[in-house]
Amino acid sequence: MNIQNKEESGGIGIINYGAGNIFSLCSALDRLNISYKLINIVSDFDGCERYIIPGVGHATPAMKQLNDTGLVPLIKQTSKPVLGICLGMQLLSSFSEEGNTDLLDLVPIKTLRFTDESLKIPHMGWNSVFPIESETIFKNIDQGSYFYFVHSYYLEHSDEYSLATTNYGLTYASSIRKNNYFGVQFHPEKSGKAGEQLLTNFAELPTS
């Protein structure tokens with residue numbers, strides 16, 4: 001797959017750790033006329049206004065790739081907005097039961113595996129999302145809007161860090177936030193108008 005950067009500097013830096021759903025995300029940003037570039041190595045990191053960590057894959061090799069490329073310190077030190085998508089959101093947490101893996105620990109909650117045997121795992125398809133606050137990435141998105149999910153692990157709900165919740169056998173954090181770090185468990189790039197609104201909102205967040 002050969003993806004051309006839409007812009008060499010500015011815009012969104014997409015952190016490519018070898019496990020993300022890069023093509024779908026880039027296609028969505030193209031539709032929205034949002035500039036981006038791929039970040040593969042440390043020297044690619046500078047010059048972006050905000051960052052996305054996309055998601056599809058397994059926590060253990062994803063963290064290994066981030067560590068091997070030297071991108072972990074840059075992700076943890078930036079004061080610019082960062083959005084983790086699906087696995088990208090889980091990587092922001094402290095620990096995942098997937099491979100018993102220590103993660104970036106930017107948001108001090110855990111990623112757990114669904115254990116209810118009555119549930120179909122992975123949780124795949126459309127589900128309602130209920131924002132707890134709507135002034136940042138959920139601006140102009142209605143309560144109960146449907147987004148597209150594909151995941152077997154979830155982030156535990158936290159009164160302090162949950163930005164939105166979803167129910168699938170239990171109530172979990174379908175979006176999180178701590179300071180400039182945001183995460184969504186669903187795939188906004190596959191979620192129609194609501195997903196496009198969320199990506200637009202993220203692209204319009206103020207930067208420091």
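Along the sequence shown, the residues carry numbers beginning at 1. What you are looking at is a predicted structure, and each value in this text was computed from that prediction instead of being measured.
With hydrogens and angles disregarded, a donor-acceptor distance shorter than 3.5 Å links the side chain of R177 to the backbone of N179. The backbone N or O of I176 lies less than 3.5 Å from no partner atom in the side chain of S162, so there is not a single donor-acceptor pair. R50 contributes no side-chain N or O that, together with a main-chain N or O of T207, makes up a donor-acceptor pair within less than 3.5 Å. For the pair T69 (side chain) and Q65 (backbone), a donor-acceptor distance under 3.5 Å is present. Listed for the T78 side chain is no donor-acceptor partner under 3.5 Å among the backbone atoms of I75.
The shortest non-hydrogen separation linking A173 to M89 is O-CE, 3.3 Å. Scanning both residues, W126 and S191, for their nearest heavy atoms gives CH2-CA, 3.6 Å. Considering every non-hydrogen atom in both T166 and S128, the closest pair reads OG1-O, 3.0 Å. The shortest heavy-atom contact between K139 and N201 is O-ND2, 2.7 Å. Here the closest non-hydrogen pair linking I34 and T200 is CD1-CA, 4.3 Å. A pairwise comparison of heavy atoms in D46 and K37 identifies O-NZ, 2.9 Å as the closest pair.
A single hydrophobic cluster is seen to contain both I141 and L32, as judged by linkage of ILVMFWY side chains at heavy-atom distances under 4.5 Å, directly or through other members. One hydrophobic cluster holds both I85 and L205 under the rule that ILVMFWY side chains link at heavy-atom gaps under 4.5 Å. I132 and V107 are members of different hydrophobic clusters when ILVMFWY side chains are connected at heavy-atom separations under 4.5 Å. The hydrophobic cluster containing L112 does not contain F95, counting ILVMFWY residues as joined when their side-chain heavy atoms lie under 4.5 angstrom apart, directly or transitively. Cluster membership for V129 and M124, using ILVMFWY side-chain heavy atoms within less than 4.5 angstrom, is not shared.
When side chains are defined from C-beta on, L83 does not count as touching Y51, because their heavy atoms never get closer than 4.5 Å. The shortest side-chain heavy-atom distance between L87 and Y17 falls under the 4.5 Å cut-off. Two residues are said to be in side-chain contact when any heavy atoms from C-beta on lie closer than 4.5 Å; L71 and F45 meet this criterion. Side-chain atoms of V42 and L74, non-hydrogen and from C-beta on, do get closer than 4.5 Å to each other. Residues P122 and Y153 form no side-chain contact, since every pair of their non-hydrogen atoms from C-beta on lies 4.5 Å or further apart. Side-chain contact between K80 and C48 is absent, with no heavy atoms from C-beta onward closer than 4.5 Å. The shortest distance between side-chain heavy atoms of Y181 and L104 does not fall below 4.5 Å. Side-chain contact between S175 and I137 is present, with heavy atoms from C-beta onward closer than 4.5 Å.
Atoms CD1 and CG, from I41 and D68 in turn, are 14.0 Å apart once rounded to the nearest 0.5 Å. Here K193 contributes atom NZ and S145 contributes atom OG; the two are 13.5 Å apart, rounded to the nearest 0.5 Å. L198 contributes atom CG, which lies 10.5 Å from atom CD of E189 (distance to the nearest 0.5 angstrom). Going from atom OG of S94 over to atom CD1 of I109 covers 7.5 Å, rounded to the nearest 0.5 Å. Atom CG of L25 sits about 4.5 Å away from atom CG of L29, to the nearest 0.5 Å. Between H58 atom NE2 and S152 atom OG the span is 10.0 Å, to the nearest 0.5 Å.
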Where do I52 and Y36 land on the side-chain contact (heavy atoms from CB on, under 4.5 Å) test, with the steps shown first?
CA-CA 10 Å; I52 291 179; Y36 60 85; over 6 Å; no

Where do L163 and E133 land on the side-chain contact (heavy atoms from CB on, under 4.5 Å) test, with the steps shown first?
CA-CA 6 Å; L163 195 57; E133 70 89 43; 3.1 Å; yes

Stepwise side-chain contact (heavy atoms from CB on, under 4.5 Å) check, I121 with R113
CA-CA 10 Å; I121 304 300; R113 181 172 175 81; 4.0 Å; yes

Output, in order, the C-alpha distance, side-chain angles, deciding distance and verdict of side-chain contact (heavy atoms from CB on, under 4.5 Å) for H123 and Y154.
CA-CA 10 Å; H123 172 209; Y154 67 92; over 6 Å; no

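Around NZ of K120, the count of heavy atoms belonging to other residues, nucleotides or ligands within 6.0 Å does not exceed 12. For Y148, the OH atom sits in a packed shell: over 12 heavy atoms of surrounding residues, nucleotides or ligands are nearer than 6.0 Å.
Aromatic ring centres of F149 and F186: separated by under 6.0 Å. Checked against the 6.0 Å centroid criterion, the rings of Y168 and H151 do not qualify as a close aromatic pair.
No side-chain donor-acceptor contact under 3.5 Å links T101 and E98. Side chain to side chain, T165 and H157 fail the donor-acceptor criterion of an N or O pair below 3.5 Å.
Looking at V72, I15, I53 one by one, the single match for side chain to side chain contact (heavy atoms under 4.5 Å, CB included) with L91 turns out to be I53.
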